[in-house]
Peer 1: 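Here's a structure for you.
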Protein chains: 2
Amino acid sequence: MPRTGTEPARRQALINAAIDMIGENGSTEVTVKEIATRAGMSSALAFHYFGGKDEIIFETMRHLMRELGKSTIARLQKAETPLARLDAVIASSFEGDQFSRTTIAAWLVFYMRALSSDASARLLTIYTRRLRSNILHALRQLCVSREAENIEQGLSAMIDGLYIRHGLRPQGPNADEAIHTCRDFLDRQLASERIE
Amino acid sequence: MPRTGTEPARRQALINAAIDMIGENGSTEVTVKEIATRAGMSSALAFHYFGGKDEIIFETMRHLMRELGKSTIARLQKAETPLARLDAVIASSFEGDQFSRTTIAAWLVFYMRALSSDASARLLTIYTRRLRSNILHALRQLCVSREAENIEQGLSAMIDGLYIRHGLRPQGPNADEAIHTCRDFLDRQLASERIE
DNA sequence: CCATTTTTATTGACTGATCAGTCAATCAAT
DNA sequence: ATTGATTGACTGATCAGTCAATAAAAATGG
């Protein structure tokens, strides 16, 4: 059998395969062998590179977070007003790859794991805090600090809810609708805020 | 060993035990033996009454939905205005039993299963539709129909998001905050609606 | 109100399948 | 020759599900 890859390439292939399999299967009940086969190698090699199943899943989650992070940063850099920054955060949650059934399934698995694994819980905290910080920073330039925190809580929850609903049901909200719903929420919260 | 229960009692004990174990464990990776032991019986008896693990989990999900349904109906009957009806729907999502870590974990498992099991997906559709119908019906008395649909989508997603966030992080939103955030969203959406 | 049959509750002990993880042995590159 | 890539074949554990056997309750008949 020919040599077909080096360590980093194979690790990446395994991570991609893990996302695919989790998405297709809809749960963590995926075997290492299935993931490895999908990635074009034997399960023994998967163990060789990752040490164990937990590491494969954990690194997959990390990859997911990094991708979302990169996409958010890219959009934030192009945004020049606070409102545009909020739009950037919203849009990056609902864009292309992030908003596919398989990715959403993987995020759901991530959420579940955070309930039992400390390491996953910490990873999730990092993500939540970063999202929160991005949103709050922009909001504080648009309203008083106390209101900003309330709006942040609502907006973050709404993003999560729309995201999951989209993944769960084909008839659920699509990307444009989701973005519009969030944007609308923001506009009106800020509008009545100014009236007070 | 003495006889200690009849069929309905034992089924209920197994369902409760399943919720507990899923909540503690944070995943579906719970063995039938663990559930049965927690419910005070052998795993053989669990198989006898439910036929298989899938049925245990499925009936557990059904039970969860029925409980939420009963709680919502009870609150709806006491509500007399459309706004009070919306409050009733919101409050029942965040009340006592429904809003505990274990119950939320079980709901997350439910969401995951809906990705792979048609039966679970149908169950989830029933729940989503009922929630949607309750909210829409009340909203249509407060604003024009098209706006009602937008607000419903936002509100439902926000409820889901707050719910999951509460379960995932101890520092997350508590029940009062969650209710306030939803209520606030509603008030402002309806307020700026009237202005237009 | 007893004796019996039938039904229901209950389990320990078993099985077959599955799966995470290991390892010694190849094969290819450097 | 050394190092890294790669796998098939194996192992030990775990687990869903079965089954035959027991015991208690309920029903039946006298």
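Worth saying up front: this structure is predicted, and the values here are computed from it rather than measured.
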Peer 1: For C:dT10, take OP1 and OP2 only and decide whether either is under 4.0 Å from a side-chain N or O of B:Tyr49.
Peer 2: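 Checking B:Tyr49 against C:dT10: at least one side-chain N or O falls below 4.0 Å of OP1 or OP2.
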Peer 1: Which is it for B:Arg38 and B:Glu24 under the salt bridge (charged side-chain N to carboxylate O under 4.0 Å, His left out) test, yes or no, and what are the steps along the way?
Peer 2: CA-CA 12 Å; B:Arg38 167 67 67 105; B:Glu24 274 176 31; 2.7 Å; yes
Peer 1: Is there a path of hydrophobic side-chain contacts, each under 4.5 Å between heavy atoms of I, L, V, M, F, W or Y residues, that connects B:Leu136 with A:Phe185?
Peer 2: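 Hydrophobic grouping puts B:Leu136 apart from A:Phe185.
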Peer 1: Measuring from atom NZ of B:Lys78 to atom CD1 of B:Ile73, what distance do you get when rounded to the nearest 0.5 angstrom?
Peer 2: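 B:Lys78 NZ to B:Ile73 CD1: 13.0 Å, rounded to 0.5 Å.
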Peer 1: Starting from C1' on C:dA24, measure out to NE2 on A:His48 and report it in whole angstrom.
Peer 2: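 Atom NE2 in A:His48 sits about 14 Å away from atom C1' in C:dA24.
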Peer 1: Using 30° and 60° as the class boundaries, would you call the ring planes of A:Phe94 and A:Phe99 parallel, tilted or perpendicular?
Peer 2: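 If you compare the ring of A:Phe94 with that of A:Phe99, the planes turn out perpendicular.
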Peer 1: What's touching nucleotides 20-22 of chain C from the protein side, N or O pairs under 3.5 Å?
Peer 2:
| residue | atom | partner | partner atom | Å |
| --- | --- | --- | --- | --- |
| C:dA20 | OP1 | A:Lys53 | NZ | 3.0 |
| C:dA20 | OP2 | A:Val32 | N | 3.1 |
| C:dG21 | OP2 | A:Lys53 | N | 2.8 |

Peer 1: Listed in order of residue number, which residues of residues 57-64 of chain B have a non-hydrogen atom at under 4.0 Å from DNA chain D?
Peer 2: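 The stretch gives none, as no residue of it lies under 4.0 Å from the strand.
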Peer 1: I need the full list of ring-ring contact (aromatic ring centres under 6.0 Å, His included) pairs touching residues 117-146 of chain B, with sequence neighbours left out, sorted by first then second residue.
Peer 2: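 ring-ring contact (aromatic ring centres under 6.0 Å, His included) check on residues 117-146 of chain B returns B:Trp107-B:Tyr127.
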Peer 1: Starting at atom CD1 of A:Ile35, determine the distance to atom P of C:dC19, rounded to an integer number of angstrom.
Peer 2: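 Computing the A:Ile35:CD1 to C:dC19:P distance gives 12 Å.
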Peer 1: C:dA24 P sits how many Å from A:Leu45 CG, rounded?
Peer 2: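 That distance rounds to 18 Å.
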Peer 1: Whole angstroms only, please: what is the CD-C1' distance between A:Glu34 and C:dT18?
Peer 2: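 The distance from CD of A:Glu34 to C1' of C:dT18 comes to 11 Å, rounded to the nearest Å.
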Peer 1: Under 4.0 Å: is that the gap between some side-chain N or O of A:Arg10 and OP1 or OP2 of D:dT6?
Peer 2: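 Indeed, a polar side-chain atom of A:Arg10 lies that close.
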Peer 1: Under 4.0 angstrom, heavy atoms only, what part of the nucleic acid is A:Phe50 near: base, sugar-phosphate, or nothing?
Peer 2: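 The answer is nothing, as A:Phe50 stays clear of every strand by at least 4.0 Å.
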Peer 1: Report the distance from atom CZ of A:Arg11 to atom C1' of D:dA5, rounded to the nearest whole Å.
Peer 2: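 These atoms are roughly 15 Å apart.
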Peer 1: Hey, could you give me the CG/CD distance between B:Leu64 and B:Gln98, rounded to the nearest 0.5 Å?
Peer 2: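 Answer rounded to 0.5 Å: 6.5 Å.
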Peer 1: Would you compute the distance between atom CG of B:Asp87 and atom SG of B:Cys182 and round it to the nearest 0.5 angstrom?
Peer 2: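 Between B:Asp87 CG and B:Cys182 SG, I get 10.0 Å after rounding to 0.5 Å.
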Peer 1: Calculate the interatomic distance between A:Glu29 atom CD and D:dC15 atom C1'; express it in whole Å.
Peer 2: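 In whole Å, D:dC15 C1' and A:Glu29 CD are 12 Å from each other.
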Peer 1: Which atom pair, heavy atoms only, marks the closest approach of B:Ile135 to B:Leu86?
Peer 2: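 Heavy-atom minimum between the residues: O-CD2, 3.7 Å.
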Peer 1: Looking at every heavy atom in both A:Leu108 and A:Leu168, which two are closest together, and how far apart are they?
Peer 2: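 Minimum heavy-atom separation between A:Leu108 and A:Leu168: CD1-CD2, 4.1 Å.
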